[in-house]
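Worksheet for the structure shown next.
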Amino acid sequence: MAMQSLKKIMAGMLGAAMLLAAVACGTTDESTDAKAEAKAGFDVSTVKKDDTIAAMLPKSVADSGELTVGMELSYAPAEFVGDDGKTPEGYDVDLAKALGKVFGLDTKIISSTFDTIVPSVGTKYDLGITAMTITQERMDAVDFVSYYKAGSSWAVKKGNPEHIDVNDLCGKKIAVQVGTTQEEEANEIKQQCAVDGKAAVEVMPSKLQTDAATAVATGKADVFYADSPVVGYAISQTGDALEDLGSAEGVVKQGIAIKKGDTELAKAVQAAMQHLMDDGTYMKILEAWGVESGAIKTAEINPKDLD
């Protein structure tokens with residue numbers, strides 16, 4: 001799951017010699033042309049309130065006049081800060097605003113670090129929408145409404161000068177974002193290398209996804225590991241700096257996080273998301289960002305099938 005387009009952030013960090021741009025969470029789409037373009041997003045003003053679904057909301061949320069949503073705004077193209085340095089953009093942002101429209105509420109995006117979102121749902125904000133993979137561990141802490149699917153991808157410097165092999169990462173430096181499933185998997189690789197008596201893996205966690213990508217572009221890390229939509233977008237925005245290493249793996253569902261046990265809000269969010277899926281708005285939003293290959297057809301509360 002940055003404060004500007006990756007191109008602007010990284011250019012400031014690395015100098016004018018490198019064309020780098022803002023990062024977030026990628027899909028299994030093969031086309032990078034759509035991702036490489038600056039996206040205008042979807043005009044959510046066309047989304048109308050549904051009185052029946054709005055009536056499903058808990059009174060406390062309905063009476064507040066706004067739907068508050070926690071996001072980690074460095075995860076393009078899912079959620080990031082636009083070129084003006086302040087406006088949240090991305091497909092998660094558009095979906096959150098569309099949900100608010102269905103409820104007849106204004107959507108307020110609250111910038112948060114990824115690892116703080118689950119603990120803050122239900123206190124700091126109503127929902128957490130931040131390209132979050134649904135796992136059993138997370139479902140023990142919050143409820144989820146599924147809305148998307150993505151896998152994990154690896155990226156290395158263009159041309160793979162270090163000859164990185166994802167099947168043998170012992171002795172390598174792996175850049176990840178704190179609190180992600182990719183961080184967990186990188187630590188599992190580290191532990192296995194230790195058990196096998198092989199060269200040690202260094203896991204390099206960063207609070208921001210942009211910093212993880214930058215670590216590889218600058219040579220501080222050997223490989224970048226993140227959601228496939230994030231990696232795809234990062235590559236498209238960094239010119240000749242990065243490239244894919246292999247194809248996306250482990251495609252699983254992502255979800256909207258809701259306070260554990262808040263059944264009323266979970267049912268309202270599920271109904272609203274299904275409404276957006278059924279009337280075509282959902283797909284139009286994904287297509288506007290070039291990530292439609294991650295679309296699903298049914299929004300479920302705490303789905304049993306996570307693949």
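When a residue number appears, it is its place in the shown sequence, counting from 1.
In this structure, K259 and V142 have side chains that are not in contact, with every pair of non-hydrogen atoms separated by 4.5 Å or more. Considering only heavy atoms from C-beta on, Y225 stays 4.5 Å or farther from V231 through its side chain. Side-chain contact between Q254 and D227 is present, with heavy atoms from C-beta onward closer than 4.5 Å. At a threshold of 4.5 Å between non-hydrogen side-chain atoms, the residues I174 and E202 do not count as touching. With contacts defined as side-chain heavy-atom distances shorter than 4.5 Å, the pair E243/N160 qualifies. Between L57 and E264, the closest side-chain pair of non-hydrogen atoms is not below 4.5 Å.
Of all the heavy atoms in V47 and A98, the pair that sits closest is CG1-O, 3.8 Å. The nearest pair of heavy atoms linking V216 to A155 is CG1-O, 4.2 Å. Closest approach of L286 and A295 over heavy atoms only: CD1-CB, 3.6 Å. Annotation for S152 and Q182: closest pair OG-NE2, 2.8 Å, computed over non-hydrogen atoms.
Ion pair K260/D140 not flagged as a salt bridge, since none of the NZ, NE, NH1 or NH2 atoms sits closer than 4.0 Å to an Asp/Glu carboxylate oxygen. A salt bridge is defined here as a Lys NZ or Arg NE, NH1 or NH2 lying under 4.0 Å from an Asp or Glu carboxylate O, and E300 with K253 meets this definition. Classification of K173 and D222 as a salt-bridged pair fails, no side-chain N sitting under 4.0 Å from a carboxylate O.
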- [ ] Give the intermediate values and the outcome of side-chain hydrogen bond (donor to acceptor under 3.5 Å, both in side chains) for residues N187 and Q191.
- [x] CA-CA 6 Å; N187 280 316; Q191 291 168 7; 6.0 Å; no

TODO: Take E72 and S74, measure what side-chain hydrogen bond (donor to acceptor under 3.5 Å, both in side chains) needs, and give me the verdict at the end.
DONE: CA-CA 6 Å; E72 201 282 274; S74 73; 2.8 Å; yes

- [ ] Show your working on side-chain hydrogen bond (donor to acceptor under 3.5 Å, both in side chains) between T116 and T113 and close with a plain yes or no.
- [x] CA-CA 6 Å; T116 64; T113 56; 3.3 Å; yes

TODO: Evaluate the side-chain hydrogen bond (donor to acceptor under 3.5 Å, both in side chains) criterion for residues Q177 and D115: first the C-alpha distance (whole Å), next the side-chain angles of each, then the deciding distance (0.1 Å), finally the verdict.
DONE: CA-CA 9 Å; Q177 185 181 23; D115 56 328; over 6 Å; no

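The backbone N or O of A96 lies less than 3.5 Å from a partner atom in the side chain of T107, making a donor-acceptor pair. Between the Y282 side chain and the Y147 main chain, a donor and an acceptor come within less than 3.5 Å of each other. Side chain of D94 to backbone of F42: a donor-acceptor contact under 3.5 angstrom is found. In terms of modelled atom types and a separation under 3.5 Å, the side chain of D92 and the main chain of A131 share a donor-acceptor contact. Side-chain atoms of T130 never come within 3.5 Å of backbone atoms of M71 as a donor-acceptor pair (strictly under, hydrogens ignored). Of the possible donor and acceptor atoms, none in the side chain of S112 sits under 3.5 Å from a partner among the backbone N and O of I117. Using a distance-only test at 3.5 Å, with no hydrogens or angles considered, a donor-acceptor pair links the side chain of Q270 to the main chain of A299. A donor-acceptor pair is defined here as one N or O able to donate and one able to accept, closer than 3.5 Å; such a pair exists between the side chain of R138 and the backbone of T133. Remark: the backbone N or O of G246 is not paired with any side-chain donor or acceptor of D244 at under 3.5 angstrom.
The distance from atom OG1 of T46 to atom NZ of K101, rounded to the nearest 0.5 Å, is 9.0 Å.
Side-chain rings of Y148 and Y91 approach one another, their centers coming within less than 6.0 Å.
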